[in-house]
Amino acid sequence: MTKLSVNINKVATLRNARGGDTPNVVKVALDCEAFGADGITVHPRPDERHIRRADVYDLRPLLRTEFNIEGYPSPEFIDLVLKVKPHQVTLVPDDPSQITSNSGWDTKANLEFLSEVLDQFNSAGIRTSVFVAADPEMVEYAAKAGADRVELYTEPYATAYPKNPEAAVAPFVEAAKTARKLGIGLNAGHDLSLVNLNYFYKNIPWVDEVSIGHALISDALYLGLERTIQEYKNCLR
Ligand SMILES: CC(=O)[C@@H](O)[C@H](O)COP(=O)(O)O
Ligand SMILES: NCC(=O)COP(=O)(O)O
């Protein structure tokens, strides 16, 4: 079964717009779980423009499903994750000035750095995942660094999908086959949506987990959160 982890960054963005506590990020996360989400993803950034460190601490004891924390492994991020001990940590090569994640790691060039960081999380019993482009070599070096999983950066798939779905998914199938051959787990995320998710899943049914935020929270404005989560879950069948 492919798990759906809901990224609630955009809920925090909306809350932060007014400086109060509406919408309440913890309540939304718990509602996502009640409506069928298999996990919750957060991506705290150094400027706390959406999810804050305090949110991460608030969420941890209350979540009943899988908690995935994504981010650049700065000393502050590593400290947060080791204290909170989520089920999974996903390393993303984000620069603090970026609007959103826009690339995967060069796992070959960063092999030593990633190995050291992953070792800390692996020793703490936290499952590790490394965000990579759909490139078999990047998957291989993520495995060499000690990652339990890779998360394929799906923005290029989502962008190319409307014109030519088959060509769009082809490199992802190759990268996914490499992960399977190496015996590591497979996640995927970024710009997945009700438009492109089912085709991705049908071509790579062994994907362990997708994390989806921007499109899902946007769809919820029209469909409501409960129906939206059900519709995304239906795309994973
Ligand atoms: C790694 C990844 O693709 C997501 O975590 C993405 O960065 C979502 O974060 P935003 O919703 O803040 O863009
Ligand atoms: N890891 C990807 C993620 O958490 C959500 O990305 P997006 O759906 O907000 O683009």
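These values consider heavy atoms only, across backbone and side chains, with no hydrogens, waters or symmetry-generated copies. Residue indices begin at 1 and follow the sequence shown.
Side-chain atoms of N9 come within 3.5 Å of backbone N or O of H43 as a donor-acceptor pair. Remark: the backbone N or O of S115 is not paired with any side-chain donor or acceptor of D119 at under 3.5 angstrom. The backbone N or O of D38 lies less than 3.5 Å from no partner atom in the side chain of E66, so there is not a single donor-acceptor pair. A distance-only check finds no donor-acceptor pair linking the side chain of T128 to the backbone of V89 [under 3.5 Å]. Of the possible donor and acceptor atoms, one in the side chain of T2 sits under 3.5 Å from a partner among the backbone N and O of V207. Side-chain N or O atoms of D94 include none that pairs as donor or acceptor with a backbone N or O of Y72 at under 3.5 Å. A donor-acceptor contact shorter than 3.5 Å links the side chain of Y157 to the backbone of N196.
Nearest heavy-atom pair across A143 and L182 is CB-CD1, 4.0 Å. Heavy atoms only, all atoms of each residue included: T107 and E137 are closest at OG1-O, 4.2 Å. Scanning both residues, L62 and E33, for their nearest heavy atoms gives O-OE1, 4.4 Å.
By the 6.0 Å and 45° rule, K202 does not stack over the aromatic ring of Y199.
Put simply, CZ on R45 and NE2 on H50 are 4.0 Å apart, with the number rounded to the nearest 0.5 Å. Of the inter-residue distances, the one linking E209 atom CD with E151 atom CD reads 7.5 Å to the nearest 0.5 angstrom. Put simply, OG1 on T154 and CD1 on I204 are 9.5 Å apart, with the number rounded to the nearest 0.5 Å. With rounding to the nearest 0.5 angstrom, the OG atom of S129 is 9.5 Å from the CG atom of D208. Remark: T90 OG1 to D148 CG distance equals 10.5 Å, nearest 0.5 Å.
Considering only heavy atoms from C-beta on, P73 comes within 4.5 Å of F113 through its side chain. With contacts defined as side-chain heavy-atom distances shorter than 4.5 Å, the pair R52/D55 qualifies.
Transitive grouping of hydrophobic side chains (ILVMFWY, heavy atoms separated by less than 4.5 Å) keeps V56 and L14 in distinct clusters. Linking ILVMFWY residues whenever their side-chain heavy atoms come closer than 4.5 Å, directly or via other members, leaves Y141 and Y153 in distinct clusters. One hydrophobic cluster holds both Y201 and L192 under the rule that ILVMFWY side chains link at heavy-atom gaps under 4.5 Å. Note on F121 and L111: separate hydrophobic clusters, where clusters join Ile, Leu, Val, Met, Phe, Trp and Tyr whose side-chain heavy atoms are under 4.5 Å apart, directly or indirectly.
Between N234 and the options R237, Q230, E231, a side-chain hydrogen bond (donor to acceptor under 3.5 Å, both in side chains) holds for only R237.
Counting non-hydrogen atoms of neighbouring residues, nucleotides and ligands closer than 6.0 angstrom, the NZ atom of K3 reaches no more than 12 such neighbours.
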